Novice: 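Sharing a structure with you now.
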Amino acid sequence: MKVAILDDYHDTVRTLACFQQLAGHDVTVWNDHVQDTDALAARLADTEALVLIRERTKIRTPLLERLPKLRLISQRSVYPHIDVDTCTRLGIVVSSSQHPGVPSFSTAELAWGLIIAAMRQIPQQMAALKAGKWQIGVGSTLRHKTLGIYGYGRIGAAVAGYGKAFGMNVLVWAREATLLKARADGYATAPSKAAFFEQCDVITLHMRLVDATRGIVTGADLARMKKTALIVNTSRAPLIEPGALVDALRAGRPGMAAVDVYEEEPMRDTTHPLLNMDNVVCTPHLGYVSRDEYEVQFTDIFAQINAYAAGAPTNVVNPDVLKARR
């Protein structure tokens, strides 16, 4: 099959051990990011199987309708960036492993790294040291403080474990069914959303972005946080009400933020307020970006291509397309 891989920024995929799974296919790897429909239609004109790296490129109807040879989109995890109904109408199979029970440990680790970096002012202290200054402030330790886990799924549970290991008091807020799981795992749960935001010293968000969670963290929620508190977002930017985080930081509640996700990505606007606040640590959506995580993800993605080529598609999220092919 003619396979195209989009958005491999550092040309990493072809260096993975699992890349050998594509031996025998005609593979093209694109290292830059393009969202323009005309440009993508030209690039993918002959593509039969399209590999996506998470949600870096939106695959919408105007593009899909210009790709008559496309038969498979292979990726991993959620797919809000793909017009699945259009794929079904056009006979395109969407295969996406949901990896049940397997969290993205790379994302959980990054969240924890951001917590430590922000609480101890590591990036700011490093920048000051390079500028000839010595100790520009006093950070805070984590032990005995309250770590708030908003969304107790696979990643949230992993981060809760890190908090416990560091001697923090873990407090969970989530949907009722998820709260039951957190209690069963031995963690305390907040009596209300308001109490959760008021009591926590660190809050880290771990939810999928769906209609029900879009803007779920409001300006009023942030205003309840302590002046010394930190909020961390390694999930999705739109979980927080538009503009609310910048306004809250300017108002002093919470006192700090650590952010890995943005409304528009890649985010190259150097004037963005979050990049220009001394109390914010920013990283360029590094959560799932590690060589180890890539091996796990692309093993699944490439296996899906081979399964399709063998006539037995797997992890199909639009099964109606298979009925139409019979």
Side-chain angles (χ1 to χ4, degrees), residues 9 104-131 133-143 145-151 155-156 158-160 162-163 165-166 168 170 197 200-207 209 217 219 221-223 225-290 293:
Y9 300 153
S104 170
F105 287 108
S106 62
T107 301
E109 290 175 3
L110 181 75
W112 197 252
L114 287 175
I115 289 170
I116 295 175
M119 293 294 281
R120 297 302 299 272
Q121 305 173 336
I122 293 174
Q124 298 93 326
Q125 296 280 4
M126 289 176 62
L129 187 60
K130 290 179 179 180
K133 300 176 183 178
W134 184 256
Q135 294 190 5
I136 60 170
V138 177
S140 298
T141 53
L142 297 172
R143 190 170 182 82
K145 290 189 170 63
T146 298
L147 171 66
I149 307 291
Y150 196 165
I155 297 175
V159 176
Y162 301 158
F166 271 69
M168 298 188 76
V170 178
F197 277 89
C200 292
D201 296 294
V202 178
I203 289 177
T204 179
L205 308 182
H206 298 289
M207 290 169 283
L209 179 64
V217 177
D221 294 327
L222 297 173
M225 295 181 71
K226 301 174 184 179
K227 291 184 177 181
T228 54
L230 164 70
I231 188 164
V232 180
N233 190 1
T234 56
S235 293
R236 294 293 181 272
L239 293 173
I240 302 177
E241 188 178 48
L245 181 58
V246 169
D247 290 345
L249 291 166
R250 286 172 173 163
R253 289 181 184 270
M256 297 171 284
V259 177
D260 188 47
V261 287
Y262 308 89
E263 294 282 350
E264 295 292 332
E265 297 183 4
M267 203 277 283
R268 296 191 176 97
D269 179 9
T270 59
T271 68
H272 193 289
L274 292 175
L275 297 182
N276 292 280
M277 291 181 166
D278 293 335
N279 56 343
V280 181
V281 175
C282 292
T283 50
H285 206 153
L286 298 176
Y288 67 93
V289 182
S290 74
E293 182 72 9

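Bear in mind the structure is a predicted one, so any value in this text is a computation, not a measurement. Every heavy atom of this structure was used, including side-chain atoms; hydrogens, water molecules and symmetry mates were not. Just so you know, residue 1 is the first one in the sequence shown, and it goes up from there.
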Novice: How about Ile115 and Leu147: do any of their side-chain heavy atoms sit closer than 4.5 Å?
Specialist: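 Heavy-atom side-chain distance check passes, below 4.5 Å.
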Novice: Is there a side chain to side chain contact (heavy atoms under 4.5 Å, CB included) between Leu245 and Val259? Walk through the geometry before answering.
Specialist: CA-CA 10 Å; Leu245 181 58; Val259 177; 3.9 Å; yes
Novice: Mind running side chain to side chain contact (heavy atoms under 4.5 Å, CB included) on Lys145 and Val202 for me, showing each step along the way?
Specialist: CA-CA 8 Å; Lys145 290 189 170 63; Val202 178; 5.9 Å; no
Novice: Report the residues that fulfil ring pair (Phe, Tyr, Trp, His ring centres under 6.0 Å) with Tyr288, sequence neighbours left out, ordered by chain and then residue number.
Specialist: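 Testing Tyr288 for ring pair (Phe, Tyr, Trp, His ring centres under 6.0 Å), a comparison that skips the adjacent residues, returns His285.
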Novice: Enter the distance from Leu275:CG to Met267:CE here, rounded to the nearest 0.5 Å.
Specialist: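 Between Leu275 CG and Met267 CE, I get 4.0 Å after rounding to 0.5 Å.
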Novice: Can you check side chain to side chain contact (heavy atoms under 4.5 Å, CB included) on Leu129 and Trp134, steps first, answer last?
Specialist: CA-CA 6 Å; Leu129 187 60; Trp134 184 256; 3.6 Å; yes
Novice: What are the two closest heavy atoms between Met168 and Thr146, and how far apart are they?
Specialist: CE-C, 4.0 Å
Novice: In the structure I gave you, are the side-chain heavy atoms of Leu230 and Met119 within less than 4.5 Å of one another anywhere?
Specialist: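 Contact flag for Leu230/Met119 side chains = yes.
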Novice: When you measure from the side chain of Glu293 to the backbone of Ser290, do you find a donor-acceptor pair of N or O atoms at a distance under 3.5 Å?
Specialist: no
Novice: Determine the minimum heavy-atom distance between Met207 and Gly151, stating which atoms define it.
Specialist: CG-CA, 3.9 Å
Novice: Tell me whether Asn233 contacts the main-chain N or O of Leu205 through its side chain, where contact means a donor paired with an acceptor under 3.5 Å.
Specialist: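 No; judged by distance alone, with no hydrogens or angles, the pair does not exist.
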Novice: Among residues at least two apart in sequence or on other chains, which ones pass side chain to side chain contact (heavy atoms under 4.5 Å, CB included) with Asp278?
Specialist: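 Listed in chain order: nothing, the list is empty.
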Novice: Using a 6.0 Å cut-off, check whether atom CZ of Arg120 has over 12 heavy atoms from anything other than its own residue.
Specialist: no
Novice: Quick one: does any side-chain atom of Gln121 pair with a main-chain N or O of Gln135 as donor and acceptor, under 3.5 Å?
Specialist: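 Answer holds: no.
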